[in-house]
Amino acid sequence: MRFLIVTGMSGAGISTALNTLEDSGFFCVDNLPVLMIEAFANISRDSHFTHDNVAIGIDIRNGAALEELRSVLEKLREDKFHYEILFLEASDDALVRRYKETRREHPLARGKRLIDGISVERERVNFLKQLADYTIDTSNLLTRDLKLEVERVIRSAATYSNLIVNVMSFGYKFGIPRDADMVFDVRFLPNPYYVQELRKKTGNDKEVQDYVMQGEEGPAFLEKLADLVRFLLPQYVKEARHQLVVAIGCTGGRHRSVTVANALSEKLKELPYSVICYHRDIRNDSFVKGED
């Protein structure tokens, strides 16, 4: 039997993770009181319990009782009960944005500033993050991306890597991404903007990709870039990083950066990390203003 404890920051996607686990055949219980965990664990390993996989959601809604989870988990270990912890993380900026979009109130922010509630929660759940077997940083993940990450945890428990590699294209005219860990400038590559039939296309179109990667410079740069990132990724894992943003920039973020970001993502997918490619500025109407 597999017993998974899903926890983390409020707003980081705990409900989505539990829904994904339930769709995958797990028996799921959300917001189980801490004082009931040991009893529930014992029930789950009873021969009459019919479910092979169980997941419980535990978060700050347990209030002051959350601190007692330390001793509960220690007791389960002493009783030789095997469990795993999946911790969902997100940056303060991402959590603030999500709460503002949903207009929900943070459990610890009643009568206080939202950011203060998030800060207090982060302190209280930090011990769970330290104990976690799997950590998923959802700051830059769409719902579908989070579901894929949870499915990876289900399928590949023994070899799962917590590192999520975000390959992002962007336009310098719209600013360098604040969350970028590595930034690469590809404005030296051929610019499709100056070809009339390619101007309104993007780096997702093959004609643009062929134009950008013509000659020796494009393919050579891509190979060297992929080699560099391959070398660096294990180093970030050693530093316990869970999220890495590789930003590829051109002027407008529609042609050259999109082409290179797509190509780099494909090369990195052979590695044991989750690779997500997204294009921050591809929908900006840059060609109208005469730039790429």
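- Within the 4.5 Å cutoff, the side chain of Tyr273 has no heavy atoms near those of the Leu268 side chain.
- Taking the six-membered ring where tryptophan is involved, the planes of Phe27 and Phe40 are essentially parallel, since the angle between them stays under 30° and well short of 60°.
- Atom NE2 in His106 sits 10.0 Å away from atom OG in Ser119 (nearest 0.5 Å).
- Among all heavy-atom pairs drawn from Val167 and Ala261, the shortest one is CG1-O, 3.7 Å.
- Val54 approaches Ser44 most closely through the heavy-atom pair CG2-CB, 4.3 Å.
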Chi angles and distances behind the salt bridge (Lys or Arg N to Asp or Glu O under 4.0 Å) call for Arg77, Glu74: CA-CA 5 Å; Arg77 290 290 191 200; Glu74 290 175 2; over 6 Å; no
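- A distance of 9.0 Å separates CG of Asp92 from CG of Leu114, quoted to the nearest 0.5 Å.
- The distance from the CD1 atom of Ile5 to the CD1 atom of Ile37 is 6.0 Å, given to the nearest 0.5 Å.
- Aromatic rings of Tyr134 and Phe87 (six-membered ring for Trp) have centroids beyond the 6.0 Å cut-off, not under it.
- In the hydrophobic cluster analysis, where Ile, Leu, Val, Met, Phe, Trp and Tyr join through side-chain heavy atoms closer than 4.5 angstrom, Ile14 is grouped apart from Leu69.
- A donor-acceptor pair is defined here as one N or O able to donate and one able to accept, closer than 3.5 Å; no such pair exists between the side chain of Asn126 and the backbone of Arg122.
- For Arg124 and Glu67, the salt-bridge test fails: no basic side-chain N is under 4.0 Å from an acidic carboxylate O.
- When the side chains of ILVMFWY residues are joined at heavy-atom separations under 4.5 Å, either directly or via intervening members, Leu86 and Met1 end up in two distinct hydrophobic clusters.
- A donor-acceptor pair under 3.5 Å is formed between the side chain of Asp205 and the backbone N or O of Thr202.
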With side chain to side chain contact (heavy atoms under 4.5 Å, CB included) as the test, would you mind laying out the steps for Asn262 and His279 before giving the verdict? CA-CA 9 Å; Asn262 285 337; His279 308 300; 2.9 Å; yes
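- Here the side chains of Asp227 and Arg230 are in contact, with some heavy-atom distance below 4.5 Å.
- Judged by distance alone, the side chains of Ser10 and Glu121 do bring a donor and an acceptor atom under 3.5 Å apart.
- Under the 4.5 Å side-chain heavy-atom criterion for Ile, Leu, Val, Met, Phe, Trp and Tyr, Ile164 and Val6 are members of the same hydrophobic cluster.
- A donor atom on one side chain and an acceptor atom on the other are not found under 3.5 Å apart for Glu89 and Thr135.
- Scanning all heavy atoms of the two residues, the minimum distance from Leu189 to Glu217 falls at CD2-C, 4.5 Å.
- A donor-acceptor contact under 3.5 angstrom links the side chains of Ser139 and Asp137, judged on distance only.
- Residues Val72 and Glu38 come closest through the heavy atom pair CG1-N, 4.3 Å.
- When only modelled atom types and interatomic distance are considered, Thr138 and Arg98 share a side-chain donor-acceptor pair under 3.5 Å.
- For the pair Arg254 and Tyr193, the cation-pi criterion (under 6.0 Å, within 45° of the ring axis) is not fulfilled.
- Residues Glu84 and Val153 are not in side-chain contact: their nearest non-hydrogen atoms beyond the backbone lie 4.5 Å or more apart.
- Side-chain contact between Leu4 and Asn53: absent, with no pair of heavy atoms (C-beta onward) separated by less than 4.5 Å.
- Results of the side chain to side chain contact (heavy atoms under 4.5 Å, CB included) test with Ile248 over Thr259, Val186, Val183, Val258 single out Val186 as the only residue that passes.
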Worked check of side chain to side chain contact (heavy atoms under 4.5 Å, CB included) between Tyr278 and Asn140: CA-CA 10 Å; Tyr278 60 102; Asn140 296 314; 3.8 Å; yes
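- The environment of CD in Glu216 is sparse: at most 12 heavy-atom neighbours from other residues, nucleotides or ligands sit within 6.0 Å.
- Phe184 and Val212 fall within a single hydrophobic cluster, where Ile, Leu, Val, Met, Phe, Trp and Tyr side chains are chained together by heavy-atom contacts under 4.5 Å.
- Once rounded to the nearest 0.5 Å, the distance linking CZ of Phe170 with SG of Cys250 reads 8.5 Å.
- Using a 4.5 Å heavy-atom threshold, the side chains of Asn166 and Leu244 count as separate.
- For Tyr172 and Phe174, the distance between ring centers is not under 6.0 angstrom.
- Side-chain contact between His255 and Tyr211: absent, with no pair of heavy atoms (C-beta onward) separated by less than 4.5 Å.
- Heavy atoms from other residues, nucleotides or ligands lying under 6.0 Å from CE of Met36 number 12 at most.
- Leu95 and Ala12 get closest at one heavy-atom pair: CD2-N, 3.9 Å.
- Remark: Glu270 does not engage Lys267 in a salt bridge, criterion side-chain N to carboxylate O under 4.0 Å.
- When all heavy atoms of Met9 and Ile118 are compared, the pair lying nearest together is CE-O, 3.6 Å.
- Under 4.0 Å is where a charged nitrogen must lie from a carboxylate oxygen, and between Arg152 and Glu149 at least one such pair does.
- We find that Arg97 and Asp93 are not joined by a salt bridge, their nearest charged nitrogen and carboxylate oxygen being 4.0 Å or further apart.
- We find the CD1-CG distance between Ile154 and Leu21 to be 4.5 Å, quoted to the nearest 0.5 Å.
- For the pair Val195/Glu197, a side-chain contact is recorded, criterion being any heavy-atom separation below 4.5 Å from C-beta on.
- Contact check for Ile56 versus Phe3: side-chain heavy atoms found under the 4.5 Å cut-off.
- Annotation: cation-pi pair Arg45/Phe81 absent, no NZ/CZ under 6.0 Å from the ring centroid and within 45° of its normal.
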Apply the test side chain to side chain contact (heavy atoms under 4.5 Å, CB included) to residues Asp116 and Val120: give CA-CA distance (whole Å), side-chain angles for both, the deciding distance (0.1 Å), then the verdict. CA-CA 6 Å; Asp116 292 336; Val120 172; 5.6 Å; no
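- The hydrophobic cluster containing Met182 also contains Leu271, counting ILVMFWY residues as joined when their side-chain heavy atoms lie under 4.5 angstrom apart, directly or transitively.
- Ion pair Asp30/Arg61 flagged as a salt bridge, since at least one NZ, NE, NH1 or NH2 atom sits closer than 4.0 Å to an Asp/Glu carboxylate oxygen.
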Trace of the side chain to side chain contact (heavy atoms under 4.5 Å, CB included) decision for Met168 with Val246: CA-CA 6 Å; Met168 177 202 304; Val246 181; over 6 Å; no
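- Atom CG of Leu146 is separated from atom OG1 of Thr16 by 5.5 Å, given to the nearest 0.5 angstrom.
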